[in-house]
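Note that the coordinates shown come from a computational prediction; the quantities given were computed from them, not determined experimentally. Numbers here are sequence positions counted from 1.
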Amino acid sequence: MKKLVFALMILGLVMASLGVTTASVSPDSIKPGGSGSITFTVSNSATAGVKASGVYVYLYPQGPLDVQSSLSLGDMASGSSTSVSVPFKVEEYAKSGSYLVSIKLLSQTTDAVFGTVTVNVVNEPIFTLSADKKNVEETDTLSITIKNDGGSAKNLRIKPQGDFALAGTDEVFVGNVDEETTVVLNLDSRSAEDGVNDLQLLFTYDDELGNEISETKTLKITVNKEGADILFIQNSEVITNKDSVLKMTLRNIGNIPLNELKISFESDDVKPKETSEIKVGNLGVGEDIAVSIPIFVSLSPGVNNVDVNLEWKEDGETKTDTVSIPITITSDAEVGIYLEAKPAPLISGQEHTLSVLVSNLGSYKIENVDVEIESDAFELLEVQQSEYIGGLENDDFSTVQFKIKVKEGYEGAYPLKIIINYRDLSGEWKEVIETKDIIIKGMVSTGDGGLIFWIILLAIAGILVWYFKFRGKKK
């Protein structure tokens with residue numbers, strides 16, 4: 001019996017087993033020069049009664065990491081486990097990246113066991129903000145210089161928080177910021193308090209490891225509110241260099257009623273068509289009133305701050321004020337479409353190259369121009385149904401070509417739908433759909449033409465035989 005027990009113990013030593021589990025790094029990411037710890041569990045899953053003798057842990061870092069190289073865990077009984085925490089430091093010169101640390105377990109009774117853990121090193125951006133002015137009007141532009149003393153920030157977006165907003169958009173795309181850049185904000189401060197305010201800006205960006213990070217930066221800004229406190233809300237599209245109707249909602253967000261309110265535009269680029277002074281009427285505290293103004297605007301596309309003169313009665317006294325309001329102007333972009341086929345005309349059952357010429361007939365450049373064609377009369381011999389042109393200056397044009405095959409049996413006029421997508425200078429996407437008729441001719445048969453050719457050839461031969469043979473005999 002004693003010999004059997006001894007044999008089983010020997011077998012147990014062979015089956016002794018060490019393992020590394022639940023390895024983790026704290027914190028999740030570390031900046032260059034920072035410190036952290038690697039934590040993992042070492043367990044002995046050997047059969048009952050068999051211990052792992054003289055267990056050692058060895059750590060092998062890859063990259064700019066300073067890690068304790070080894071430590072002793074002593075003997076480990078079967079079924080036991082212990083938690084190990086090893087401190088480390090990231091070198092000051094380290095670049096952003098993910099670095100592996102190999103873990104090796106070794107004892108007198110087991111073979112080497114390996115595990116790995118990843119340490120993420122990120123050189124985080126360090127932003128410092130400065131503004132070109134400390135005081136802003138209710139609607140104003142604010143130029144902000146962003147200095148970055150840390151790692152690169154990619155795809156930076158900025159969005160005001162709280163009582164501040166942006167005119168015409170909800171956020172500003174800045175792009176990559178490696179060292180320093182300047183961004184201009186069309187700031188709408190009408191909902192903020194008069195006086196000193198905290199302008200909170202939400203920065204959202206991707207760090208050098210591709211992680212999306214959000215942080216809030218704060219600037220002290222003084223908002224100057226004077227005179228009437230009116231919120232102007234644009235409710236219609238206004239097209240540059242064309243007759244339009246400007247529809248707005250006026251909301252009294254102040255503390256006093258505005259009686260017999262009148263408005264007029266300061267800029268010569270905004271011309272009301274009917275009267276220069278628009279009578280709004282009485283506007284009580286918290287009330288809304290809608291106005292529709294036939295207008296002609298010669299401003300460039302995009303968000304424009306327009307000065308508006310206000311006149312109203314307060315406690316029987318006439319008061320005036322001038323405010324700047326944002327008006328979004330849409331481009332008068334218009335495209336012309338022209339077709340050409342090679343070879344021409346289009347023949348049923350034949351292959352052709354169909355050219356589509358797109359011309360910018362508007363006053364301003366259009367961008368991201370894309371052309372698509374559709375028709376039941378032919379098959380498109382291309383890998384995609386659309387072709388990209390890009391940007392077109394005003395009075396400029398460009399041509400794209402499509403390889404097509406006209407379907408068998410199609411003759412006469414058939415509709416061709418052309419779809420043009422583009423973005424104008426106001427930032428709005430436009431879609432133009434135009435349908436043109438294309439003329440298709442029937443396939444020319446060569447069979448009858450060949451028969452006629454041989455008939456004519458035989459007739460000529462007969463005449464020649466008659467002339468030289470029979471006419472010669474008469475002579």
Side-chain angles (χ1 to χ4, degrees), residues 18-44 55-74 76 80-106 112-129 146-159 161-162 171 173-181 198 200-219:
L18 293 176
V20 179
T21 58
T22 62
S24 63
V25 177
S26 180
D28 292 335
S29 61
I30 307 167
K31 63 182 180 180
S35 299
S37 62
I38 299 171
T39 303
F40 53 93
T41 299
V42 177
S43 60
N44 178 11
V55 179
Y56 273 83
V57 178
Y58 300 90
L59 292 100
Y60 304 96
Q62 298 179 9
L65 304 177
D66 184 10
V67 185
Q68 181 179 347
S69 60
S70 65
L71 67 156
S72 172
L73 301 183
M76 293 185 64
S80 67
S81 64
T82 183
S83 179
V84 180
S85 183
V86 182
F88 69 92
K89 184 178 180 180
V90 180
E91 301 289 354
E92 292 283 352
Y93 65 84
K95 295 183 179 180
S96 296
S98 297
Y99 300 96
L100 288 178
V101 176
S102 297
I103 303 170
K104 179 181 177 181
L105 302 180
L106 196 62
V113 178
F114 292 89
T116 59
V117 67
T118 301
V119 176
N120 293 318
V121 177
V122 181
N123 188 11
E124 299 174 344
I126 304 173
F127 296 119
T128 304
L129 307 186
I146 305 170
K147 185 180 180 182
N148 183 8
D149 293 315
S152 177
K154 300 179 181 179
N155 302 317
L156 174 63
R157 289 94 69 199
I158 299 178
K159 178 185 292 187
Q161 303 292 290
E171 69 177 13
F173 181 80
V174 180
N176 297 346
V177 181
D178 296 322
E179 295 180 356
E180 186 174 299
T181 190
D198 285 333
Q200 294 184 334
L201 300 173
L202 178 64
F203 279 37
T204 304
Y205 58 91
D206 299 328
D207 65 18
E208 292 182 340
L209 289 185
N211 303 310
E212 185 176 276
I213 307 296
S214 294
E215 65 175 291
T216 300
K217 308 295 292 184
T218 302
L219 287 172

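For the atom pair CG of Asp149 and CG of Asn123, the computed distance is 10.5 Å after rounding to the nearest 0.5 Å. Taking CE of Met76 as the reference point, atom CG of Leu105 lies at 8.5 Å (rounded to 0.5 Å). How far CG of Asp198 is from CD of Gln161: 13.0 Å, rounded to the nearest 0.5 Å.
Sorted by first and then second residue, the salt bridge (Lys or Arg N to Asp or Glu O under 4.0 Å) pairs with a member in residues 86-97 form an empty list; sequence neighbours excluded.
Between Thr39 and Ser83, the closest heavy-atom pair is CG2-OG, 3.9 Å. Scanning all heavy atoms of the two residues, the minimum distance from Phe114 to Ala112 falls at CE1-CB, 3.9 Å. Nearest heavy-atom pair, Val113 versus Gly19, reported as atom, atom and distance to 0.1 Å: CG1-CA, 4.3 Å. Of all non-hydrogen atoms in Ser37 and Phe88, the two that sit nearest each other are N-CE2, 3.2 Å. Closest of all the heavy-atom pairs between Val177 and Asn148 is O-ND2, 3.1 Å. Looking at every heavy atom in both residues, Ala94 comes nearest to Val121 through CB-CG1, 4.2 Å.
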Check residues 203-212 and write down every donor-acceptor pair under 3.5 Å in which the side-chain atom is one partner and the other belongs to a residue at least two apart or another chain.
from, atom 1, to, atom 2, distance (Å)
Thr204, OG1, Ser214, OG, 3.4
Tyr205, OH, Glu215, OE2, 2.9
Asp206, OD2, Asn155, ND2, 3.2
Asp207, OD1, Leu209, N, 2.9
Asp207, OD1, Gly210, N, 3.0
Asp207, OD1, Asn211, N, 2.9
Asp207, OD2, Asn211, ND2, 3.4
Glu208, OE1, Ser96, OG, 2.4
Glu208, OE2, Ser152, N, 2.9
Glu212, OE1, Arg157, NH2, 3.4

Residues 56-74, side-chain donor-acceptor partners within the protein, below 3.5 Å, at least two apart:
from, atom 1, to, atom 2, distance (Å)
Gln68, NE2, Ser70, O, 3.1
Ser72, OG, Gly74, N, 3.4

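The backbone N or O of Leu129 sits nowhere less than 3.5 Å from a side-chain atom of Lys217 that would complete a donor-acceptor pair. Between the side chain of Asn44 and the backbone N or O of Leu18 there is no donor-acceptor pair closer than 3.5 Å.
Taking the side chain to side chain contact (heavy atoms under 4.5 Å, CB included) definition, one finds that Thr21 meets it with Thr41, sequence neighbours left out. Checked against side-chain hydrogen bond (donor to acceptor under 3.5 Å, both in side chains), Asn176 has no partners two or more places apart in sequence or in another chain. Every residue two or more places apart in sequence or in another chain that forms a side chain to side chain contact (heavy atoms under 4.5 Å, CB included) with Thr118 is listed here: Ser98, Leu100, Asn120.
Using a 4.5 Å heavy-atom threshold, the side chains of Val101 and Val25 count as separate. Residues Val55 and Thr82 fail the side-chain proximity criterion, which asks for heavy atoms closer than 4.5 Å. Looking only at side-chain heavy atoms (C-beta outward), Ile103 and Phe40 come within less than 4.5 Å of each other.
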